Amino acid sequence: MSDAIVVLNAGSSSLKFSLFMDRGADLALQLGGQAEGLFTAPHFVAKDAAGAVVAEQRWAEGETLGHAGALEHLLGVLRERQATDRLVGVGHRVVHGGPHYDRPLRVDARVLADLRAFEPLAPLHQPHNLAPIQALLERQPALPQVACFDTSFHRSNAELTQMFGLPYELFEQGVRRYGFHGLSYEYIASVLPEVDPAAAAGRTIVLHLGNGASMCALQGGRSVASTMGFTALDGLMMGTRSGSLDPGVVLYLMSERGMNIAAVEKLLYSGSGLLGVSGVSSDMRGLLASDAPRARLAIDLYLYRIRRELGSLVAALGGLDALVFTAGIGENAAAIRDAIVRDAHWLGAEIDATANDAGATALHTSASKLRLWRIATNEELMIARHTRAVLARA
Ligand code: ADP
């Protein structure tokens with residue numbers, strides 16, 4: 001019987017999960033789903049690999065399940081499906097591994113305490129990522145748990161790349177560019193050798209365009225630079241996050257507009273980006289279909305920011321062989337890919353409209369100087385692979 005690995009990705013009000021079976025050569029997805037609305041109107045759904053619903057439950061409006069309750073419910077569903085007796089480990093997505101955790105590792109109480117120290121660096125993610133680890137350590141201390149960090153993949157960035165023009169002591173104290181979406185980039189880097197061996201060995205920029213969005217410059221499959229910095233606010237404009245901003249704007253909002261830290265945090269994380277500019281939606285699909293006057297403006301600014309950051313990453317790499325589009329917008333929004341490639345005409349990029357509209361893997365024309373790829377990311381599989389590897393070393 002195969003071993004089972006559960007992957008958990010806990011957000012502020014949701015717990016996403018996947019169940020993988022170890023098939024030796026790779027890991028096969030068996031079940032996936034989520035518990036949402038953990039503090040408002042909880043809803044749990046689990047689907048099999050073909051997408052058919054195999055378990056579902058709704059709780060009354062106003063009921064609170066919390067992360068521990070959601071985990072308990074998930075374990076019950078897995079028990080019913082005889083998956084718990086084969087469970088060899090749980091892999092967690094943890095947004096922040098700080099300056100030193102450059103790879104996944106097994107979590108015990110000491111490591112968990114260490115990871116808590118990074119909560120101020122990612123206040124909207126880290127505490128939630130750690131909640132199920134804590135709950136499982138209490139309930140099932142013998143069950144191995146592995147933390148996989150969104151920052152680890154970027155620890156290969158040169159020290160210079162990680163620095164701000166701030167006093168050096170602050171860099172030593174952890175005020176540095178960490179970069180995020182590392183599990184997604186690592187997955188793309190792991191499949192790129194099959195798709196485009198020359199780009200995998202050379203210079204590639206990956207555009208992870210989801211609700212959160214960033215870009216990463218890969219050289220020989222390793223991250224050399226990315227658009228996100230100290231927090232996941234930096235770089236590209238996102239669904240509700242501002243992206244890069246003159247820090248003077250924050251000082252002005254606080255000193256002249258009387259905004260306190262909580263109000264500025266809310267503005268930058270939840271009220272800006274596509275939502276803030278358009279005034280209607282943070283969702284690209286909605287904006288593309290919208291007639292609202294500022295919907296097009298929001299998309300234009302989104303594209304302009306990508307164009308600017310692309311130039312910056314090409315400069316960091318000293319040239320470019322390929323672009324990879326991934327995540328919700330990168331994988332599904334053909335019109336956005338088309339516009340990004342048109343903006344990259346100066347690099348010799350040329351998109352094949354038919355391939356792009358069809359959502360093919362290869363998007364470049366034969367005359368294009370850059371290879372253009374559409375590759376679906378799979379952060380969950382990356383976490384499951386890491387978890388298996390860490391447990392095999394134990
Ligand atoms: P998250 O960062 O939350 O994982 P996703 O990677 O799922 O987000 O990306 C969500 C984004 O992808 C949303 O802006 C959504 O509108 C966009 N998206 C998904 N499908 C399409 C589509 N067919 N066309 C345009 N945008 C899409």
Side-chain angles (χ1 to χ4, degrees), residues 7-18 32-38 45 47 51 92-95 122 124-125 128-129 148 150 179-188 206-216 226-228 231-243 269-290 292 294-296 298-303 305-306 324-341 351 353 356-360 363 374-383:
V7 170
L8 296 179
N9 180 358
S12 56
S13 65
S14 69
L15 179 70
K16 294 189 186 141
F17 71 91
S18 310
Q34 58 187 338
E36 295 175 303
L38 298 183
V45 63
K47 295 180 179 173
H92 299 265
R93 179 188 198 159
V94 177
V95 70
L124 303 187
H125 294 100
H128 311 299
N129 299 159
C148 301
D150 266 317
F180 298 89
H181 290 137
L183 293 157
S184 173
Y185 294 127
E186 192 177 9
Y187 175 78
I188 299 292
V206 185
L207 297 94
H208 177 109
L209 307 177
N211 279 315
S214 70
M215 291 158 66
C216 178
S226 74
T227 58
M228 277 182 169
T231 67
L233 263 184
D234 201 8
L236 301 179
M237 191 173 99
M238 308 175 213
T240 61
R241 287 175 243 165
S242 62
Y269 277 96
S270 328
S272 298
L274 292 172
L275 175 65
V277 176
S278 72
V280 286
S281 177
S282 64
D283 188 283
M284 184 57 85
R285 212 171 346 190
L287 290 178
L288 286 167
S290 169
R294 281 189 275 118
R296 189 63 234 178
I299 295 172
D300 286 346
L301 182 56
Y302 181 83
L303 293 169
R305 292 289 307 119
I306 289 175
V324 176
F325 293 95
T326 196
I329 296 171
E331 290 168 29
N332 300 304
I336 298 296
R337 288 195 301 262
D338 182 65
I340 292 169
V341 175
I351 200 159
N356 186 42
D357 289 344
L363 307 173
R374 172 189 168 276
I375 303 177
T377 195
N378 198 337
E379 292 151 293
E380 292 76 20
L381 179 58
M382 200 66 234
I383 295 171

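Indexing begins at 1, ligand by ligand and atom by atom, following the structure's order. Every value quoted in this text rests on a predicted model; they were computed, and no experiment measured them.
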Check your understanding: Between the side chain of R241 and the main-chain N/O of G273, is any donor-acceptor distance below 3.5 Å?
Key -> no

Exercise for review: Describe, in one word, how the ring planes of H181 and H208 are oriented to each other, choosing from parallel (under 30°), tilted (30 to 60°) and perpendicular (over 60°).
Suggested key: parallel

Study note, to complete from the structure: For R285, the side-chain hydrogen bond (donor to acceptor under 3.5 Å, both in side chains) test, sequence neighbours excluded, returns none

Point to revise | Worked check of side-chain contact (heavy atoms from CB on, under 4.5 Å) between I383 and L8 | key: CA-CA 9 Å; I383 295 171; L8 296 179; over 6 Å; no

Study note, to complete from the structure: Contacts satisfying side-chain hydrogen bond (donor to acceptor under 3.5 Å, both in side chains) that involve residues 329-339 (not counting sequence neighbours) are T326-E331, R337-N356, D338-R342

Can you pull every nitrogen or oxygen pair between ligand 1 and the protein closer than 3.5 angstrom?
{"from": "ligand 1", "atom 1": "2 (O)", "to": "N211", "atom 2": "N", "distance (Å)": "3.0"}
{"from": "ligand 1", "atom 1": "3 (O)", "to": "N211", "atom 2": "ND2", "distance (Å)": "2.9"}
{"from": "ligand 1", "atom 1": "6 (O)", "to": "G328", "atom 2": "N", "distance (Å)": "2.9"}
{"from": "ligand 1", "atom 1": "8 (O)", "to": "N211", "atom 2": "N", "distance (Å)": "3.2"}
{"from": "ligand 1", "atom 1": "8 (O)", "to": "N211", "atom 2": "ND2", "distance (Å)": "3.4"}
{"from": "ligand 1", "atom 1": "12 (O)", "to": "I329", "atom 2": "N", "distance (Å)": "3.3"}
{"from": "ligand 1", "atom 1": "14 (O)", "to": "M284", "atom 2": "N", "distance (Å)": "3.0"}
{"from": "ligand 1", "atom 1": "16 (O)", "to": "D283", "atom 2": "OD1", "distance (Å)": "2.6"}
{"from": "ligand 1", "atom 1": "16 (O)", "to": "D283", "atom 2": "OD2", "distance (Å)": "3.2"}
{"from": "ligand 1", "atom 1": "16 (O)", "to": "M284", "atom 2": "N", "distance (Å)": "3.2"}
{"from": "ligand 1", "atom 1": "16 (O)", "to": "R285", "atom 2": "N", "distance (Å)": "3.0"}

Review point. Under the side-chain hydrogen bond (donor to acceptor under 3.5 Å, both in side chains) test, which residues partner E380, sequence neighbours left out?
Key: none

